[in-house]
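Heads up, the thing below is written out as C-alpha coordinates.
Positions are given from 1 along the sequence.
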Amino acid sequence: YEDIHMNIEMALKKKIGRLSGKIHTGKSRNDQVVTDLKLWTKNKLKVVIYKLKKIQISIIKKAEINIDVIMPGFTHSQNAQPISYSHYLLSFFEMLQRDKKRAEQLLKNINECPLGSGALAGSNFYEIDRYILAKDLGFEKPTENSLDSVSDRDFVIEYLSILSIMSMHFSRLSEDFINWSGSAYDFLTFPDSLCTGSSIMPQKKNPDAAELVRSKCGRIYSSLLNLLIIQKSLPTGYSKDLQEDKEPVFDADRTISLLLDIVNEMINSVKINKSKMYELANKGFTTATDLADWMVKHTNLTFREAHQKTGEIVLLAEKKNKLLTEISIEELKSIEPKITNDIFNYLSIDSSVSNKKSYGGTDFKQIKMAIKRAKRKI
(Lines give C-alpha, C1' and ligand atoms only; values in the text may rest on other atoms or scores of the structure.)
Protein backbone atom coordinates (compact mmCIF):
# COMPACT_ATOMS: atom_id res chain seq x y z
CA TYR A 1 0.00 0.00 0.00
CA GLU A 2 1.08 3.55 -0.73
CA ASP A 3 1.87 4.78 2.77
CA ILE A 4 1.33 4.30 6.50
CA HIS A 5 -2.19 5.76 6.34
CA MET A 6 -3.45 3.23 3.83
CA ASN A 7 -1.68 0.40 5.65
CA ILE A 8 -3.55 1.32 8.83
CA GLU A 9 -6.86 1.51 6.96
CA MET A 10 -6.31 -1.88 5.29
CA ALA A 11 -5.26 -3.49 8.59
CA LEU A 12 -8.45 -2.13 10.12
CA LYS A 13 -10.46 -3.45 7.16
CA LYS A 14 -9.31 -7.01 7.93
CA LYS A 15 -10.78 -6.62 11.41
CA ILE A 16 -14.02 -4.69 10.82
CA GLY A 17 -14.60 -4.84 7.06
CA ARG A 18 -16.23 -2.10 5.00
CA LEU A 19 -16.73 0.19 7.99
CA SER A 20 -12.96 0.92 7.96
CA GLY A 21 -13.57 3.01 4.82
CA LYS A 22 -15.17 5.66 7.01
CA ILE A 23 -11.92 6.40 8.86
CA HIS A 24 -10.88 8.95 6.23
CA THR A 25 -14.17 10.86 6.23
CA GLY A 26 -13.56 14.58 6.68
CA LYS A 27 -9.81 14.05 6.88
CA SER A 28 -6.76 14.18 4.68
CA ARG A 29 -3.36 12.63 5.16
CA ASN A 30 -2.14 16.23 5.37
CA ASP A 31 -4.08 17.16 8.50
CA GLN A 32 -3.75 13.66 9.97
CA VAL A 33 0.04 13.62 9.91
CA VAL A 34 0.49 17.10 11.38
CA THR A 35 -2.00 16.25 14.15
CA ASP A 36 -0.08 13.07 14.91
CA LEU A 37 3.22 14.97 14.97
CA LYS A 38 1.76 17.56 17.32
CA LEU A 39 0.53 14.85 19.69
CA TRP A 40 3.98 13.23 19.58
CA THR A 41 5.74 16.54 20.25
CA LYS A 42 3.43 17.34 23.18
CA ASN A 43 4.29 14.01 24.80
CA LYS A 44 8.02 14.47 24.19
CA LEU A 45 7.94 17.97 25.69
CA LYS A 46 6.45 16.55 28.89
CA VAL A 47 9.27 13.99 29.09
CA VAL A 48 11.90 16.69 28.52
CA ILE A 49 10.37 18.91 31.23
CA TYR A 50 10.28 15.97 33.67
CA LYS A 51 13.95 15.12 33.02
CA LEU A 52 15.01 18.76 33.27
CA LYS A 53 13.40 18.91 36.70
CA LYS A 54 15.36 15.80 37.73
CA ILE A 55 18.63 17.51 36.80
CA GLN A 56 17.59 20.67 38.62
CA ILE A 57 16.86 18.63 41.76
CA SER A 58 20.31 17.03 41.48
CA ILE A 59 21.88 20.50 41.15
CA ILE A 60 20.06 21.73 44.26
CA LYS A 61 21.18 18.71 46.30
CA LYS A 62 24.82 19.20 45.26
CA ALA A 63 24.60 22.96 45.85
CA GLU A 64 23.30 22.43 49.40
CA ILE A 65 26.35 20.40 50.44
CA ASN A 66 28.99 22.53 48.68
CA ILE A 67 28.09 26.06 49.71
CA ASP A 68 31.40 26.65 51.52
CA VAL A 69 33.57 25.17 48.75
CA ILE A 70 35.54 28.04 47.21
CA MET A 71 36.84 27.86 43.65
CA PRO A 72 38.09 30.37 41.08
CA GLY A 73 35.49 31.91 38.84
CA PHE A 74 36.74 32.47 35.30
CA THR A 75 36.44 35.09 32.61
CA HIS A 76 38.35 34.68 29.33
CA SER A 77 39.44 31.28 30.78
CA GLN A 78 41.57 33.18 33.31
CA ASN A 79 41.21 33.29 37.10
CA ALA A 80 38.87 36.20 37.73
CA GLN A 81 37.23 36.23 41.18
CA PRO A 82 36.65 33.56 43.82
CA ILE A 83 33.18 32.02 43.95
CA SER A 84 31.42 29.16 45.69
CA TYR A 85 31.17 25.87 43.77
CA SER A 86 27.46 25.97 44.63
CA HIS A 87 27.21 29.34 42.89
CA TYR A 88 28.68 27.71 39.80
CA LEU A 89 26.20 24.82 39.94
CA LEU A 90 23.25 27.15 40.43
CA SER A 91 24.22 29.06 37.30
CA PHE A 92 23.28 25.90 35.38
CA PHE A 93 20.06 25.61 37.36
CA GLU A 94 19.09 28.99 35.90
CA MET A 95 20.06 27.96 32.36
CA LEU A 96 17.91 24.83 32.65
CA GLN A 97 15.10 26.88 34.16
CA ARG A 98 15.02 28.96 30.98
CA ASP A 99 15.06 25.75 28.93
CA LYS A 100 12.16 24.43 30.97
CA LYS A 101 10.17 27.66 30.53
CA ARG A 102 10.70 27.52 26.78
CA ALA A 103 9.42 23.91 26.73
CA GLU A 104 6.41 24.83 28.88
CA GLN A 105 5.62 27.78 26.63
CA LEU A 106 5.75 25.56 23.54
CA LEU A 107 3.32 23.17 25.23
CA LYS A 108 0.88 26.09 25.39
CA ASN A 109 1.60 27.27 21.85
CA ILE A 110 1.16 23.81 20.38
CA ASN A 111 -2.28 23.24 21.88
CA GLU A 112 -4.32 23.81 18.71
CA CYS A 113 -5.63 20.80 16.79
CA PRO A 114 -5.20 20.71 12.97
CA LEU A 115 -7.49 17.72 12.40
CA GLY A 116 -10.50 18.64 10.24
CA SER A 117 -8.47 21.02 8.07
CA GLY A 118 -8.57 18.52 5.22
CA ALA A 119 -6.00 18.71 2.47
CA LEU A 120 -5.79 22.52 2.68
CA ALA A 121 -9.25 24.09 2.28
CA GLY A 122 -11.24 22.62 5.16
CA SER A 123 -13.87 19.89 5.04
CA ASN A 124 -17.27 19.51 3.39
CA PHE A 125 -18.32 17.60 6.53
CA TYR A 126 -18.87 20.83 8.45
CA GLU A 127 -21.18 18.97 10.85
CA ILE A 128 -18.06 17.52 12.48
CA ASP A 129 -17.46 19.74 15.48
CA ARG A 130 -13.74 20.58 15.42
CA TYR A 131 -13.93 21.97 18.96
CA ILE A 132 -15.17 18.63 20.32
CA LEU A 133 -12.60 16.81 18.17
CA ALA A 134 -9.80 18.99 19.56
CA LYS A 135 -10.91 18.42 23.16
CA ASP A 136 -11.15 14.65 22.60
CA LEU A 137 -7.54 14.61 21.44
CA GLY A 138 -6.28 16.69 24.36
CA PHE A 139 -6.00 20.06 22.60
CA GLU A 140 -7.53 23.32 23.79
CA LYS A 141 -9.06 24.36 20.47
CA PRO A 142 -8.90 23.78 16.71
CA THR A 143 -6.45 25.66 14.49
CA GLU A 144 -7.76 28.84 12.87
CA ASN A 145 -6.75 28.46 9.21
CA SER A 146 -6.87 25.18 7.29
CA LEU A 147 -4.20 26.21 4.75
CA ASP A 148 -1.72 27.18 7.46
CA SER A 149 -2.60 24.09 9.50
CA VAL A 150 -1.44 21.47 6.99
CA SER A 151 1.90 23.16 6.18
CA ASP A 152 2.81 24.40 9.67
CA ARG A 153 5.97 22.88 11.12
CA ASP A 154 6.88 25.89 13.27
CA PHE A 155 6.27 23.83 16.38
CA VAL A 156 8.84 21.22 15.30
CA ILE A 157 11.39 23.95 14.51
CA GLU A 158 10.68 25.50 17.89
CA TYR A 159 11.09 22.10 19.58
CA LEU A 160 14.44 21.57 17.87
CA SER A 161 15.45 25.13 18.79
CA ILE A 162 14.70 24.40 22.46
CA LEU A 163 16.70 21.15 22.26
CA SER A 164 19.57 22.99 20.57
CA ILE A 165 19.82 25.64 23.31
CA MET A 166 19.50 22.94 25.97
CA SER A 167 22.24 20.81 24.41
CA MET A 168 24.44 23.92 24.22
CA HIS A 169 24.07 24.30 28.00
CA PHE A 170 24.96 20.64 28.46
CA SER A 171 27.98 21.07 26.20
CA ARG A 172 29.26 24.02 28.25
CA LEU A 173 28.93 22.05 31.49
CA SER A 174 30.76 19.11 29.88
CA GLU A 175 33.52 21.40 28.62
CA ASP A 176 34.11 22.70 32.16
CA PHE A 177 34.08 19.25 33.71
CA ILE A 178 36.39 17.81 31.04
CA ASN A 179 38.93 20.60 31.56
CA TRP A 180 38.67 20.44 35.33
CA SER A 181 39.22 16.67 35.38
CA GLY A 182 42.65 17.11 33.75
CA SER A 183 45.85 17.22 35.79
CA ALA A 184 46.28 20.93 35.05
CA TYR A 185 43.25 21.68 37.25
CA ASP A 186 42.54 18.43 39.14
CA PHE A 187 39.25 19.93 40.35
CA LEU A 188 37.15 16.82 39.92
CA THR A 189 37.13 13.12 39.07
CA PHE A 190 34.65 11.28 36.88
CA PRO A 191 33.38 7.87 38.00
CA ASP A 192 34.55 4.85 36.03
CA SER A 193 31.01 4.40 34.71
CA LEU A 194 31.37 7.62 32.66
CA CYS A 195 34.93 6.95 31.44
CA THR A 196 36.95 4.58 29.32
CA GLY A 197 40.61 3.60 29.44
CA SER A 198 43.19 4.21 26.74
CA SER A 199 43.99 1.42 24.28
CA ILE A 200 47.72 2.10 24.70
CA MET A 201 48.29 4.20 27.86
CA PRO A 202 47.43 2.21 31.00
CA GLN A 203 47.27 5.29 33.24
CA LYS A 204 44.63 7.10 31.19
CA LYS A 205 41.02 7.63 32.27
CA ASN A 206 39.14 9.35 29.48
CA PRO A 207 35.91 11.32 30.21
CA ASP A 208 34.18 9.86 27.16
CA ALA A 209 30.59 10.42 28.30
CA ALA A 210 31.14 14.15 28.81
CA GLU A 211 32.99 14.39 25.49
CA LEU A 212 30.08 12.74 23.69
CA VAL A 213 27.61 15.09 25.39
CA ARG A 214 29.71 17.96 24.06
CA SER A 215 29.91 16.54 20.53
CA LYS A 216 26.25 15.48 20.21
CA CYS A 217 25.25 19.11 20.67
CA GLY A 218 26.33 19.60 17.04
CA ARG A 219 24.16 16.69 15.97
CA ILE A 220 21.08 18.40 17.42
CA TYR A 221 22.08 21.71 15.80
CA SER A 222 22.22 19.94 12.44
CA SER A 223 18.69 18.60 12.92
CA LEU A 224 17.42 22.14 13.47
CA LEU A 225 19.30 23.44 10.44
CA ASN A 226 18.04 20.49 8.38
CA LEU A 227 14.40 21.37 9.03
CA LEU A 228 14.94 25.11 8.51
CA ILE A 229 16.46 24.37 5.11
CA ILE A 230 13.56 22.07 4.19
CA GLN A 231 11.03 24.76 5.12
CA LYS A 232 12.67 27.83 3.64
CA SER A 233 11.62 27.31 0.00
CA LEU A 234 8.32 25.47 0.35
CA PRO A 235 5.30 26.99 -1.39
CA THR A 236 2.18 27.57 0.71
CA GLY A 237 0.27 24.37 1.35
CA TYR A 238 1.40 20.80 1.85
CA SER A 239 4.38 19.38 -0.06
CA LYS A 240 5.96 15.95 0.25
CA ASP A 241 9.16 17.65 1.43
CA LEU A 242 7.47 17.83 4.84
CA GLN A 243 7.89 14.07 5.17
CA GLU A 244 11.57 14.84 5.78
CA ASP A 245 10.77 16.51 9.11
CA LYS A 246 10.57 13.14 10.89
CA GLU A 247 14.14 11.91 10.69
CA PRO A 248 15.80 15.03 12.16
CA VAL A 249 13.24 15.51 14.92
CA PHE A 250 13.21 11.83 15.92
CA ASP A 251 17.02 11.73 15.91
CA ALA A 252 17.27 14.92 17.98
CA ASP A 253 14.71 13.59 20.44
CA ARG A 254 16.57 10.30 20.92
CA THR A 255 19.81 12.23 21.38
CA ILE A 256 18.48 14.75 23.93
CA SER A 257 16.86 11.95 25.93
CA LEU A 258 20.27 10.31 26.30
CA LEU A 259 22.00 13.62 27.12
CA LEU A 260 19.47 14.45 29.83
CA ASP A 261 20.20 11.12 31.54
CA ILE A 262 23.98 11.41 31.21
CA VAL A 263 24.13 15.02 32.45
CA ASN A 264 22.08 14.08 35.51
CA GLU A 265 24.50 11.22 36.17
CA MET A 266 27.50 13.54 35.72
CA ILE A 267 26.23 16.08 38.25
CA ASN A 268 25.43 13.36 40.77
CA SER A 269 28.59 11.31 40.43
CA VAL A 270 31.62 13.57 39.86
CA LYS A 271 33.80 13.93 42.97
CA ILE A 272 35.30 17.37 43.54
CA ASN A 273 38.74 18.18 44.95
CA LYS A 274 38.00 20.99 47.40
CA SER A 275 41.62 21.70 48.34
CA LYS A 276 42.69 22.08 44.70
CA MET A 277 39.80 24.42 44.01
CA TYR A 278 40.75 26.56 47.02
CA GLU A 279 44.41 26.53 46.07
CA LEU A 280 43.82 27.76 42.54
CA ALA A 281 41.33 30.39 43.71
CA ASN A 282 44.27 31.97 45.58
CA LYS A 283 46.29 32.37 42.40
CA GLY A 284 46.07 35.16 39.88
CA PHE A 285 45.32 37.98 42.37
CA THR A 286 41.61 37.15 42.30
CA THR A 287 40.84 39.63 45.10
CA ALA A 288 42.29 42.65 43.29
CA THR A 289 38.79 43.97 42.58
CA ASP A 290 38.04 43.77 46.32
CA LEU A 291 41.12 45.95 46.94
CA ALA A 292 39.93 48.53 44.41
CA ASP A 293 36.40 48.46 45.86
CA TRP A 294 37.79 49.02 49.39
CA MET A 295 39.62 52.15 48.22
CA VAL A 296 36.45 53.50 46.59
CA LYS A 297 34.48 52.90 49.80
CA HIS A 298 37.08 54.25 52.26
CA THR A 299 38.83 57.04 50.35
CA ASN A 300 37.72 59.76 47.97
CA LEU A 301 39.17 57.93 44.97
CA THR A 302 36.99 57.21 41.95
CA PHE A 303 36.85 53.59 40.84
CA ARG A 304 39.06 54.36 37.81
CA GLU A 305 41.71 55.88 40.09
CA ALA A 306 41.42 52.96 42.51
CA HIS A 307 41.66 50.55 39.57
CA GLN A 308 44.95 52.15 38.49
CA LYS A 309 46.45 52.04 41.98
CA THR A 310 45.37 48.43 42.41
CA GLY A 311 47.17 47.61 39.16
CA GLU A 312 50.34 49.12 40.62
CA ILE A 313 49.92 47.01 43.77
CA VAL A 314 49.44 43.86 41.69
CA LEU A 315 52.64 44.64 39.76
CA LEU A 316 54.45 45.04 43.06
CA ALA A 317 53.09 41.70 44.31
CA GLU A 318 54.16 40.01 41.07
CA LYS A 319 57.63 41.49 41.35
CA LYS A 320 57.99 40.24 44.93
CA ASN A 321 56.27 36.92 44.15
CA LYS A 322 53.71 37.49 46.92
CA LEU A 323 49.95 37.15 47.33
CA LEU A 324 48.03 40.37 47.91
CA THR A 325 47.50 39.27 51.53
CA GLU A 326 51.29 39.05 51.94
CA ILE A 327 52.04 42.65 50.91
CA SER A 328 52.91 44.75 53.97
CA ILE A 329 50.90 47.78 55.00
CA GLU A 330 53.96 49.94 54.38
CA GLU A 331 54.22 48.71 50.82
CA LEU A 332 50.53 49.33 50.26
CA LYS A 333 50.78 52.85 51.71
CA SER A 334 53.68 53.63 49.40
CA ILE A 335 51.19 53.41 46.53
CA GLU A 336 48.09 54.75 48.31
CA PRO A 337 48.73 56.48 51.67
CA LYS A 338 45.07 56.30 52.75
CA ILE A 339 45.07 52.48 52.92
CA THR A 340 44.69 51.19 56.50
CA ASN A 341 45.10 47.80 58.18
CA ASP A 342 41.36 47.28 57.62
CA ILE A 343 42.20 46.33 54.03
CA PHE A 344 43.45 42.93 55.22
CA ASN A 345 39.86 42.04 56.15
CA TYR A 346 39.02 42.19 52.43
CA LEU A 347 41.95 40.58 50.63
CA SER A 348 41.45 36.89 51.44
CA ILE A 349 39.41 34.78 49.05
CA ASP A 350 37.08 33.82 51.92
CA SER A 351 36.27 37.46 52.68
CA SER A 352 35.96 38.20 48.96
CA VAL A 353 33.23 35.56 48.63
CA SER A 354 31.43 36.59 51.82
CA ASN A 355 31.39 40.26 50.75
CA LYS A 356 29.49 39.55 47.52
CA LYS A 357 26.17 40.16 49.28
CA SER A 358 24.29 41.68 46.34
CA TYR A 359 21.17 39.81 45.21
CA GLY A 360 22.26 36.81 43.16
CA GLY A 361 25.86 37.05 44.39
CA THR A 362 28.18 34.31 45.64
CA ASP A 363 28.00 35.17 49.36
CA PHE A 364 27.07 32.02 51.30
CA LYS A 365 23.86 33.58 52.65
CA GLN A 366 22.88 34.68 49.16
CA ILE A 367 23.46 31.12 47.92
CA LYS A 368 21.20 29.71 50.64
CA MET A 369 18.51 32.16 49.57
CA ALA A 370 19.07 31.17 45.93
CA ILE A 371 18.62 27.50 46.85
CA LYS A 372 15.30 28.34 48.53
CA ARG A 373 14.18 30.20 45.42
CA ALA A 374 15.27 27.27 43.25
CA LYS A 375 13.22 24.85 45.32
CA ARG A 376 10.17 27.05 44.87
CA LYS A 377 10.75 27.07 41.09
CA ILE A 378 10.82 23.27 41.10
Is the closest side-chain donor-acceptor distance between [X] and [Y] under 3.5 Å?
X    : Y    : answer
N109 : Q105 : yes
D290 : S352 : yes
S58  : K62  : no
S123 : R130 : no
E331 : S334 : no

*Could you tell me whether the side chain of D31 and the main chain of S28 form a donor-acceptor pair under 3.5 Å?*
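Indeed, once roles are kept as given, a pair shorter than 3.5 Å links the two residues.
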*Can you tell me if S20 uses its side chain to pair, donor with acceptor, with the backbone of L12 under 3.5 Å?*
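Flag not set: sc S20 to bb L12 has no pair under 3.5 Å.
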*Least distance between heavy atoms, F344 atom then S328 atom*: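 Shortest heavy-atom contact: CZ-C, 4.3 Å.
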State plainly whether the residues [X] and [Y] are in salt-bridge range, i.e. N to O under 4.0 Å.
X    : Y    : value
K377 : E94  : yes
R153 : D245 : yes
R29  : E2   : yes

Pair up each side-chain donor or acceptor in residues 224-233 with any protein partner under 3.5 Å, not counting sequence neighbours, and list the distances.
none

Please report, to 0.1 Å, the donor-acceptor pairs under 3.5 Å made by any side chain of residues 154-164, with sequence neighbours excluded.
from	atom 1	to	atom 2	distance (Å)
Y159	OH	D253	OD1	2.7
S164	OG	L160	O	2.8

*Parallel, tilted or perpendicular, as decided by the 30° and 60° cut-offs, for the rings of F187 and Y185*: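 Aromatic pair Y185/F187 classed perpendicular.
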*Starting from the C-alpha separation in whole Å, work towards a yes-or-no answer on side-chain contact (heavy atoms from CB on, under 4.5 Å) for Y88 and L173.*
CA-CA 10 Å; Y88 167 81; L173 176 73; 3.6 Å; yes
*Set of side chain to side chain contact (heavy atoms under 4.5 Å, CB included) partners for V314, sequence neighbours left out*: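 Partners of V314 by the side chain to side chain contact (heavy atoms under 4.5 Å, CB included) criterion, ordered by chain and then number, come out as F285, A288, T310, E318, L324.
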